[in-house]
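Comments concern the structure below.
Because only heavy atoms are used, hydrogens play no part in the values below, and waters and symmetry mates are left out as well, while side chains stay in. We name chains A, B, ... by the order of the sequence lines, and we start the count at 1 in each one.
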Number of protein chains: 2
Amino acid sequence: MIARNVERRRQLQDAAIRVLANAGARGLTYRAVDAEAGLATGTASNYFPSRDELVAQVFERISERLAPDPATVDELARRPPSRSLFADYVRDIVARLTADRETTLALFELRLEATRHAGVAEQVRRWLEQTFASDVAFNAGAGLPGGRAEIALFHYAIDGLLLDRLTVPIDPGTPTDSIVADLVDRLLARAD
Amino acid sequence: MIARNVERRRQLQDAAIRVLANAGARGLTYRAVDAEAGLATGTASNYFPSRDELVAQVFERISERLAPDPATVDELARRPPSRSLFADYVRDIVARLTADRETTLALFELRLEATRHAGVAEQVRRWLEQTFASDVAFNAGAGLPGGRAEIALFHYAIDGLLLDRLTVPIDPGTPTDSIVADLVDRLLARAD
């Protein structure tokens with residue numbers, strides 16, 4: 001019964017992410033989530049008693065879906081810290097966000113929705129703060145170049161790049177990986 | 001009569017931008033635009049016979065609203081080309097997009113809407129292509145540093161920065177101007 005509930009919850013979380021990506025934040029209603037999940041009307045509201053709780057569960061699922069592949073993490077963690085290792089981490093992040101297009105578009109929708117709803121803004125803030133802090137801590141712990149200020153610059157550049165690549169690219173002839181390499185080359189200060 | 005029409009058209013264009021910013025692309029209906037403009041139902045559909053035409057007119061108005069101040073252009077154009085002049089141009093762009101929050105949010109909405117509607121995608125593509133090409137031509141004409149590849153990097157970084165600053169900033173303690181200065185310092189290759 002618990003396993004069944006976990007599975008159904010995930011089904012609703014994934015449906016909510018699809019609704020966000022396909023219909024925008026304005027379309028995120030219980031009814032739309034139920035319909036997208038192919039479940040009876042009333043199911044989503046049973047699992048998520050408020051829209052804030054629904055959004056909180058969407059963020060939980062986004063974090064799961066965007067988590068790195070353990071094999072990739074193992075492989076990268078075995079290498080000594082360097083600029084090129086940092087570049088490979090960034091490339092992996094961009095590849096994950098590009099591959100899970102729905103989740104990345106849902107995130108953009110939630111960030112825009114944050115301008116309209118204080119409850120959503122609070123959850124976006126919490127999620128971004130956690131992500132940013134954990135990126136900074138990871139770099140420090142792994143001895144990688146790039147402190148807090150630089151990691152913020154990477155957040156801006158990578159978000160803008162993903163928005164471009166997942167919607168209407170301005171420079172479709174240049175492969176994403178080479179743009180990422182170029183960004184790391186320029187944004188990451190040299191130790192000299 | 002023509003003057004009156006021009007004024008009314010602008011009123012509808014501005015209302016459509018507000019609807020996009022406040023309700024998202026999903027909320028952009030003739031009815032919502034009429035209501036936002038405080039005009040009788042049916043006015044927007046008289047001026048814009050299709051949703052594509054409405055979106056085209058929104059882009060026209062966005063370009064007008066984001067146009068640089070002629071005095072600023074004059075002042076900047078008098079200076080010899082340099083990295084710091086380029087930085088001042090970028091700072092001016094960011095300042096305009098930040099000040100006209102509604103327009104910038106409307107642009108983000110339209111870019112996400114491009115993933116859902118081919119007609120919107122076509123117009124977003126045309127607008128971005130024009131903007132990007134004119135930025136590249138401007139830099140070349142003014143003898144400023146920064147070629148096509150670098151200007152693309154600035155588009156990504158500035159879009160991501162604006163998305164951050166206009167929604168939920170990850171690093172609110174750092175002023176936007178100093179982030180822009182930092183981006184120019186790092187992204188613009190040195191002549192050496």
Side-chain angles (χ1 to χ4, degrees), chain A residues 20-28 101-102 105 108-116 120-129 131-133 135 148-172 174 178-179 182-183 185-189, chain B residues 20-28 101-102 105 108-116 120-129 131-133 135 148-172 174 178-179 182-183 185-189:
Chain A
L20 281 165
N22 298 334
R26 194 78 186 296
L28 187 69
R101 196 170 178 278
E102 254 173 32
L105 290 174
F108 284 131
E109 288 290 343
L110 288 168
R111 290 172 76 175
L112 291 173
E113 184 74 352
T115 64
R116 299 164 200 141
V120 174
E122 194 37 46
Q123 298 196 50
V124 169
R125 183 179 316 279
R126 210 175 305 151
W127 192 85
L128 287 173
E129 266 172 15
T131 308
F132 184 41
D135 287 351
R148 191 172 183 277
E150 277 158 317
I151 288 175
L153 299 183
F154 277 102
H155 272 259
Y156 308 138
I158 296 303
D159 282 346
L161 176 62
L162 287 165
L163 178 65
D164 174 272
R165 294 275 143 167
L166 295 183
T167 61
V168 178
I170 53 171
D171 181 21
T174 306
S178 76
I179 297 173
D182 207 4
L183 283 171
D185 193 44
R186 291 166 193 248
L187 288 180
L188 203 59
Chain B
L20 281 165
N22 298 333
R26 195 76 186 299
L28 187 69
R101 196 170 178 277
E102 255 173 33
L105 290 174
F108 285 132
E109 287 291 343
L110 288 168
R111 289 172 74 175
L112 291 173
E113 184 73 352
T115 64
R116 297 164 201 141
V120 174
E122 193 38 45
Q123 299 196 51
V124 169
R125 184 180 315 279
R126 210 174 306 151
W127 193 84
L128 287 174
E129 266 172 13
T131 308
F132 184 40
D135 287 351
R148 191 172 183 278
E150 276 158 318
I151 288 175
L153 299 183
F154 277 102
H155 272 259
Y156 309 138
I158 297 302
D159 282 347
L161 176 62
L162 287 164
L163 178 66
D164 174 271
R165 294 275 143 166
L166 295 183
T167 61
V168 178
I170 53 170
D171 181 22
T174 306
S178 76
I179 296 173
D182 207 4
L183 283 171
D185 193 45
R186 291 168 194 249
L187 287 180
L188 202 59

Heavy-atom distance under 4.5 Å to chain B: side chain of [X], backbone, both or neither?
X	value
A:Asn22	backbone
A:Ala21	backbone
A:Ile158	neither
A:Arg116	side chain
A:Ala114	side chain

Side-chain contact, heavy-atom cut-off 4.5 Å: [X] with [Y]?
X	Y	value
B:Leu161	A:Asp159	no
A:Leu153	B:Asp182	yes
B:Asp171	A:Arg148	yes

Any chance you could measure [X], atom [atom1], to [Y], atom [atom2], to the nearest 0.5 Å?
X	Y	atom1	atom2	result
B:Glu113	A:Thr167	CD	OG1	12.0 Å
A:Leu28	B:Arg26	CG	CZ	10.5 Å
A:Leu166	B:Leu112	CG	CG	9.5 Å
A:Thr115	B:Leu105	OG1	CG	5.5 Å
B:Leu163	A:Tyr156	CG	OH	11.0 Å

Q: Specify the closest pair of heavy atoms between A:His155 and B:Ile170, including all atoms of both residues, with the distance to one decimal.
A: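 Reported closest heavy-atom pair: CB-CD1, 3.7 Å.
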Q) Which pair of non-hydrogen atoms, one from A:Arg111 and one from B:Asp164, has the smallest distance, and what is that distance? A)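 Distance-wise, the nearest heavy atoms are NH2-CA, 3.9 Å.
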Q. Looking at B:Ala133, B:Pro169, B:Ala149, B:Gly24, which one has more heavy-atom pairs under 4.5 Å with chain A than the rest?
A. B:Gly24
